[in-house]
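Worksheet for the structure shown next.
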Amino acid sequence: MTEIVRYERQGTIAVVTIANPPVNALGQAVRQGLWEAFDRFAGDDAAVALIVGEGKLFIGGADISEFGKPPLEPFLPDVCTHIESSRKPVVAAVHGPALGGGCEIALGAHYRLATKDARFGFPEVKLGLVPGAGGSQRMPRLTGVAPALAMMPAGGSISAQEALEIGLVDRVADGDVRTAGLAFAREIAEKGAPVRRVSELPNPQFDEGAFAEARAVWKKKARGEIAPLKAIDVVEASTRLPFAEGMAEERRCFLDLLDTPQRAGLIHAFFNDRKVAKLPDLEGVAPRTLAHVGVIGGGTMGAGIATSCLLAGLSVTLLERDDAAADKARSTISANLAAAVKRGKLAESRLEPALAALATVTDYAALGAADLAIEAVFEDMAVKKEVFTSLDAVMKPGAILATNTSYLDVNEIAGATARPGDVIGLHFFSPAHVMKLLEVVVADSTAADVTATAFALARRLGKVAVRSGVCDGFIGNRILSTYRGAADRMILEGTSPWDIDTAIRDFGLPMGPFEMGDLAGLDINYMTRQRKAATRDPRDIVPTWGDEMYHKGWLGRKTGRGYYTYQDGKASPNKDVEPLLEEARKGHRQRPLGPDEIVRRYMAAMVNEAARVVEEGIARRPLDVDVTLLYGYGFPRWRGGPMLWADTQGLAGLLDDIRSWETDDPYFWQPAPLLVRLVEEGRTFSDLNREDAQ
Ligand code: COA
């Protein structure tokens with residue numbers, strides 16, 4: 001018997017313990033161990049078997065690292081069926097999460113007990129899959145189709161209490177899972193309770209309306225993702241097929257999905273979510289204490305940052321220049337918190353305490369006790385330096401001084417203080433209390449424990465932190481400005497902004513670049529162009545129509561007119577932009593692009609600039625770019641990220657394309673040296689990720 005699954009007798013009960021830290025994932029050794037344990041149970045005189053997980057949870061699911069590799073026996077559906085076919089009762093006692101395969105093992109048992117902290121869920125769709133070991137066939141037989149339709153296409157989970165209410169578990173217990181499980185198992189042994197196989201229950205009732213509604217909702221929500229709709233299909237199979245056929249149908253669907261690029265993209269994203277915080281310079285570095293945050297500036301960004309900190313239970317002191325501005329900031333934050341209550345992000349009972357943890361002040365001295373100050377004032381170096389000089393004068397030793405700049409030189413800002421080691425960039429994305437990305441901009445002198453604190457803060461705020469070096473725009477906005485540049489060039493060559501938006505949306509982003517510009521405000525692009533004018537390479541092109549739109553006051557949504565006109569919540573192309581485009585196109589070769597070509601150019605520009613960002617060490621690894629684009633720019637998670645997209649397309653073909661466009665536009669389409677090198681060496685961005693991890 002493998003150590004990873006222990007079999008021991010407690011009187012008449014055979015206790016089968018899964019001990020595969022950190023999450024008891026159902027890798028091959030666990031499956032083998034479970035198989036052998038139930039063979040042994042069949043052959044000894046124990047009356048009832050009890051399955052428990054050791055450590056902080058029952059089972060975190062199938063071993064995700066095995067997906068995409070040749071499958072190894074015994075397969076999980078067979079293990080579940082092996083457990084279920086026991087002639088003596090089997091009890092599963094669940095604490096913490098029982099996810100995916102974990103839920104399926106519990107469903108293979110005849111009785112289920114949950115401690116109060118247990119959660120049951122099927123997150124497979126988040127990995128591009130559907131349940132693959134009977135979950136879609138057993139759960140609806142036990143609970144009816146509605147709870148399965150609520151859970152499986154969403155990849156959601158439910159609490160122990162909810163599981164009890166829908167009949168997924170038989171009992172919810174207090175205290176230690178092993179003790180409670182043993183007591184339940186003994187009760188079953190003493191009563192001589194029968195074996196109850198979920199697979200032997202009748203088919204759940206087909207509910208035409210429920211399936212039609214689920215399909216309508218998920219067709220819209222899935223935005224190109226296949227798995228949610230497949231999850232509905234397999235649940236439907238449970239209503240019409242005998243169990244064994246339903247299992248075969250589910251397995252076929254699972255294996256088909258296992259082979260898709262979407263599965264590869266989503267699993268890439270799953271592991272990247274964890275790898276992104278694994279940085280050698282932070283290993284073993286303890287973060288500083290963080291309980292009290294100062295925020296300088298109460299505009300949209302400052303108020304959003306303050307809201308995010310309050311939602312995470314931190315106290316916040318927000319500094320504004322006068323009482324009126326401070327009051328305005330307070331009311332923005334109150335409205336943000338009230339909206340968070342409405343969205344279910346903040347318990348109603350926590351609203352008052354969160355507001356009580358906010359102080360609005362007008363004097364820098366009030367920030368003296370803060371552990372961290374984040375400035376979100378006007379993007380101007382002189383203004384930033386003034387703020388940092390003032391912070392340096394009042395903040396306690398060991399406090400962290402952070403800037404939320406989106407492009408300014410953090411080294412220069414740090415130089416305005418006598419403690420550059422305590423200075424860091426914390427680039428939030430707007431709205432800061434909603435967007436998940438936090439770019440942690442590490443300057444030359446930033447101390448390692450300051451960076452570690454920034455990562456700890458991100459975790460506390462429920463955000464994903466990506467380490468970035470210092471450059472104009474850091475990782476995300478620098479890459480954005482390049483692919484925006486590619487879109488502008490397409491316009492000059494005859495493609496319409498609306499066609500570009502449509503192609504990019506169809507590729508899977510929530511918005512195209514021009515819709516995005518309208519949302520953010522076209523004055524932002526104008527300001528950026530103005531700022532860069534002095535250093536612009538004469539070979540670069542300027543979207544002159546953008547300047548004209550700015551001067552006409554077409555600033556996007558906020559003025560009701562930009563690339564689109566906005567009326568009664570509906571956006572339609574603003575055809576008055578056409579003449580401006582026609583004027584700008586004069587002298588340029590006209591070659592309008594189709595949707596595939598639009599995507600190819602847009603993505604090639606993104607990948608080429610990203611390769612530079614990696615080569616310069618602004619992003620440590622390609623995966624840091626992938627995570628940035630996913631969480632800050634709406635890149636479709638099921639594509640994994642632009643670097644995985646590039647690997648999947650083939651770097652050589654991409655480089656060939658860039659070289660072919662280089663002939664026409666040698667300034668913009670210079671191949672990144674890293675891309676050239678990878679192609680020459682027959683390597684990929686994924687290889688770079690792997691090499692960094694070694
Ligand atoms: N298979 C393989 N590895 C897994 C895993 C799985 N099902 N679930 C988690 N891990 C790994 C993580 O990659 C991480 O590894 P690392 O320490 O090398 O980075 C480690 O286990 C801990 O996971 P983490 O997510 O950091 O722990 P947590 O306590 O915050 O959360 C879970 C635990 C189980 C809730 C969470 O890991 C999770 O949701 N896992 C995925 C569950 C899933 O999708 N299961 C269905 C598979 S079909």
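Counting convention: from 1, in listed order, for ligands and their atoms alike. Only this structure's heavy atoms are used, side chains among them; waters, hydrogens and symmetry mates stay out.
- Closer than 4.0 angstrom to ligand 1 by heavy atom are P22, V23, A25, K56, L57, G60, G61, A62, D63, I64, F67, L99, P123, E124, L127, F270, F271, R274, K278, sorted by chain and number.
- In this structure, the side chain to side chain donor-acceptor pair (under 3.5 Å) partners of D174, at least two apart in sequence or on a different chain, are K116.
- Atoms CD1 and CE, on I158 and M151 in that order, are 3.5 Å from each other to the nearest 0.5 Å.
- Residue pairs satisfying the salt bridge (charged side-chain N to carboxylate O under 4.0 Å, His left out) criterion with at least one member in residues 53-76, sequence neighbours excluded, are listed as follows: R6-E54, R31-E66.
- Under a 3.5 Å cut-off, the side chain of N24 and the backbone N or O of L57 do form a donor-acceptor pair.
- Under the salt bridge (Lys or Arg N to Asp or Glu O under 4.0 Å) criterion, R683 pairs with E681, E691, sequence neighbours left out.
- Using a 3.5 Å distance cut-off with no hydrogens or angles, the side chains of T81 and D78 do not pair a donor with an acceptor.
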